[in-house]
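Quick notes on the structure that follows.
Within every chain, numbering begins at 1; the chains are lettered A, B, ... in the order of the sequence lines, protein sequences first and strands thereafter. Computed from a predicted model, the values in this text were never measured in an experiment.
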There are 2 protein chains.
Amino acid sequence: MAVTIKDVARAAGVSASTVTRALTLPELVSEETRERVRRTAESLGYHPNRAARGLITGRTGNIGLVVPDLGNPFFPSVVKGVQARAHEADYAVFLADTDEDATAEAGLVRRLSKQVDGIVLCSPRMADGQLRALAAETPVVLINRRIARVPSVVPELGDAMRQAIGHLTALGHRRIGYVAGPRSSWADRERVRSLRLVVRDKAVELVEIGNVTPQFEGGVGAADQVLAAGVTAVIGYNDLVSLGLLNRFSARGVAVPGALSVLGFDDIAPAAMVTPALTSVALPKEHAGRAGVDLLLRLLAEPDRSSAIRRELPTQLMVRGSTGPAPV
Amino acid sequence: MAVTIKDVARAAGVSASTVTRALTLPELVSEETRERVRRTAESLGYHPNRAARGLITGRTGNIGLVVPDLGNPFFPSVVKGVQARAHEADYAVFLADTDEDATAEAGLVRRLSKQVDGIVLCSPRMADGQLRALAAETPVVLINRRIARVPSVVPELGDAMRQAIGHLTALGHRRIGYVAGPRSSWADRERVRSLRLVVRDKAVELVEIGNVTPQFEGGVGAADQVLAAGVTAVIGYNDLVSLGLLNRFSARGVAVPGALSVLGFDDIAPAAMVTPALTSVALPKEHAGRAGVDLLLRLLAEPDRSSAIRRELPTQLMVRGSTGPAPV
DNA sequence: CCCACATGAGAAACGGATTTCACACTTGCC
DNA sequence: GGCAAGTGTGAAATCCGTTTCTCATGTGGG
C-alpha cells in the first residue's frame, strides 16, 4: 500500500541502507547518491514509517499530554501551546483528558507511556509519590506542579500574588476573601501559601473561604458565603470560580465593583466577555505548554542534566472592570 | 527495558508464538497453557508493544482528531467526546489544532494519517475536493461537514433553526438579523440555507449581516452594524459571536433583551456565565465526538457498508435571559 | 494394527526501518 | 610499488509481535 524504503531503494537503484543514510545521515553517502535518493524519495512520496523506525531507535516521535479537564478553558490553551511547539519539533501529540480523576489519570498515563517518548502532565491530580514513581520510569515534565527532581513549568506565583494584592490594597481594600479550590490541588496550596506570605507584612486581613470545585458552579455556590464574610474584595481560585461569583453577585444585585471587587486567576477568554469584565492575573498558558515541550525535549536529549530544571514563567495582572475602589 | 513477548515466553516455558496465541487467539491453545501464559504475562506486567503489533497487523490502535481552534470552547467539548469514546474502545487519540488554517490542516492530516487507523475531522476548513481525495486514501469521518460518500456527523440544523426562529417569532420578533460566519465555512452556508428555508413561510424578514471571524471579536465588531440594521432580534453565527454582540451592546447601553434579543449557536459554557445569559441552540458537542468515533470504528470494521452513513444529531434550544418579547 | 485426521505448539518468515559489520575501491604516504 | 587509512555501499542482524508453515502427538475408524 504505502511506499516503503524498499520501493525507494529499488527505484533509485541502491540498497535500503543507503536510502536511510541518504535521508538521515547525509554525511555518510556521496553527494551524488544522496541527491538521487532524495529525489526519488520525493517523487514517490516516501515518508518513513514512524512505528517501524521507533521499533529500532526506541524513539516514537510522539509525546503524551495529560490534562484534567478540557472543559476549563485554561487547559485548551495549554494544549495549543504544546501542540504548536511539538509540531515545530516534528513530534505528534497524544492527548488524554482525565476528567479530574486521579485514578483515571494514573491509568491513562501508564497507557500512554509506552507509545510516547515522554509525557507532559498538566496540573496532575495524582499524589506526589505516584508522580515521583512515574517520573522514575518515564520522562515526565510537569506543568503547574512542582516536585523535587522532576522538571517543571510553573507560574511565578509569588509575583502574581504581589500584583493581585498590590492592586487591591492600592484600591483601599483591607479585608480580602480567597475562595479556595480543591484541597488536593497543588495549585491551590501554593496560592494559599503565597497569599499568606504576601499578606503578612501588609495591613490586610485574609479570609479563606471553603474549598470548591474549580468550576463555574463552585463559584456560584460560594458567592453567598463570600457575602456573609464581609469582605470588600474577593479572589477566586481561578477565573471559572470568579466568574461564578460574579454571576451570583449579579443575580443577587450586589454591585461589582461598587460593593465588592472580584479578581481571578488564569485570564481565560470568558473573563473578558462578561460585564463587568473580570480582572484577572494572567498565568502562562500557551507559553507554559511550549515551555513544557521544550523541557521535555531537553530531558530526552540529556536526561541527567535537565531533571532538575524548574522554569518559572511570568504572570501579568489584567485589570478590568470587576475591581474598583473599596467602598467607604 | 520493557518486558517483551520473549520474556514472557521464556518465563512460561513456551515459544513466543504460543504467547501471542494465548493472549489474542485463545481457542488455538490448550486451556492449561493459556492460563499459565496469561498468569506469567500478568505477573511480569507484560503489555504488547503497539508499534510492533501495528507493523504486522496494519492497525495502530490510534485515531487522529483534527480541530480548527481549541480556543473556541466548542471544540474542546468535541475533543472530550472523542477522547472518551476512543478510550472506551481502547484507542488512543492524536490531536492536532490547525489554527483555522486550511493549508496547515491538509499538512497535519497527511502527517497524522500514517500513524493512525483513521481520522476524525471536525469542522474541516479545506476544500471539498481535497477532502474527498483524502477520504479516498484514509478512513475519514467528518463532524460538522457533509460530503457525498464520506461518513459524517452533523446537527439537525433544520430543526435547530425552526426552534430558534419559532422562539423568536413567538416573542413577536418580525425583523431578525443574522451575523454570518466565515464564508469558507460549511457550517455558515448551511445555517444561512436553513434560516432562509425556515423563514420563507413565516412573516419574518431576515437581515443578513457581514461575514465575521467566528470569534468574540467578530461579534464585537459586528454589533454596531446590527444596531444600524434596525432589527429587534439577532442570531449570531455561533456563541462566541453572540457573546461579542452582547458585550458591545452592553457597552453601548443597549438593553438586552429589552431593546434587542440575542441568540447564539453551540451552547458553549460561557453562554451561561454572562449576564444576561445567552439563549443558545445547543449543538451536539461531546455527543458529536462520540458519534464520530463510533462511525470511524464502523468504517474501519466494514468500509464498504458504512461510507455512506450520515448521522444527524438532535439539537436543543436553551432559553436564557438574552431573548425576550420584541419591543413594541 | 495401521491410516487419516485433528490438535497443540515450535520454528521461521514477515512488516519497515536502522545500525552494525564487512567488503570493495580510492587515495595518500613512505 | 606497496601498505595503511579512508570512503561509499551492500548484506545481514535487529527491534517486537503476528502469522504461516511444519511437525509431533494423539484420537478414532477401518
*A:Glu190 bridged to A:Arg145 by N-O distance under 4.0 Å*: no
_Once rounded to the nearest 0.5 Å, what's the spacing between atom CZ of A:Phe94 and atom CG of A:Asn62?_
5.0 Å
*asked:* With a 6.0 Å cut-off (strictly less than), is the heavy-atom count around CD of B:Glu88, excluding the residue itself, greater than 12?
replied: yes
*Interatomic distance, A:Leu55 CG vs D:dA13 C1' [rounded to whole Å]*: 13 Å
*Does a side-chain N or O from A:Tyr46 land closer than 4.0 Å to OP1 or OP2 of C:dG16, or not?*
no
*Nearest 0.5 Å, what's the CD1-CG distance between B:Ile63 and B:Leu297?*
6.5 Å
*Taking NZ from A:Lys6 and P from C:dA17, how many angstroms apart are they, rounded to a whole number?*
9 Å
*Please report, rounded to the nearest Å, how far the P atom of D:dC16 is from the CD1 atom of B:Ile56.*
15 Å
Below 3.5 Å is the cut-off: list the nitrogen or oxygen pairs between protein and nucleotides 8-10 of chain C, distance only.
unit_1: C:dA9; atom_1: OP1; unit_2: B:Ser30; atom_2: OG; d: 3.4
unit_1: C:dA9; atom_1: OP1; unit_2: B:Thr33; atom_2: OG1; d: 2.5
unit_1: C:dA9; atom_1: OP2; unit_2: B:Ser30; atom_2: N; d: 3.2
unit_1: C:dA9; atom_1: OP2; unit_2: B:Thr33; atom_2: OG1; d: 3.3
unit_1: C:dG10; atom_1: OP2; unit_2: B:Ser15; atom_2: N; d: 3.0
unit_1: C:dG10; atom_1: OP2; unit_2: B:Ser15; atom_2: OG; d: 2.8
unit_1: C:dG10; atom_1: OP2; unit_2: B:Thr18; atom_2: OG1; d: 2.4
unit_1: C:dG10; atom_1: N7; unit_2: B:Arg21; atom_2: NH2; d: 2.9
unit_1: C:dG10; atom_1: O6; unit_2: B:Arg21; atom_2: NH1; d: 3.3

*asked:* Expressed as a whole number of angstroms, how long is the span from A:Arg53:CZ to C:dA17:C1'?
replied: 8 Å
*Rounding to a whole Å, what distance do you find between B:Leu25:CG and D:dT20:C1'?*
12 Å
*Could you verify whether a donor N or O on one side chain and an acceptor N or O on the other, from B:Thr18 and B:Ser15, lie under 3.5 Å apart?*
yes
*Rounded off to whole Å, could you give me the CG-to-C1' distance for the A:Leu23 and C:dT19 pair?*
15 Å
_Taking any heavy-atom pair under 4.0 Å as a contact, classify B:Thr4: base, sugar-phosphate, or nothing._
sugar-phosphate
*Degree of bending in the helix from C:dC1-D:dG30 to C:dC30-D:dG1 once both end axes are built from five pairs, to 10°*: 60°
*May I ask you to say whether B:Arg85 pairs ionically with B:Asp294, meaning some side-chain N is under 4.0 Å from a carboxylate O?*
yes
*asked:* Rounded to whole Å, please give me the gap between CG in A:Asn49 and C1' in D:dG17.
replied: 14 Å
*Enter the distance from A:Leu131:CG to A:Arg146:CZ here, rounded to the nearest 0.5 Å.*
14.0 Å
*Does a side chain donor of either B:Ser30 or B:Thr33 reach within less than 3.5 Å of an acceptor in the other side chain?*
yes
*Could you tell me whether A:Arg50 and A:Asp90 make a salt bridge, using a distance below 4.0 angstrom between a side-chain N and a carboxylate O?*
yes
*Could you state the atom-to-atom distance from CD of B:Gln115 to C1' of C:dA17 in whole Å?*
14 Å
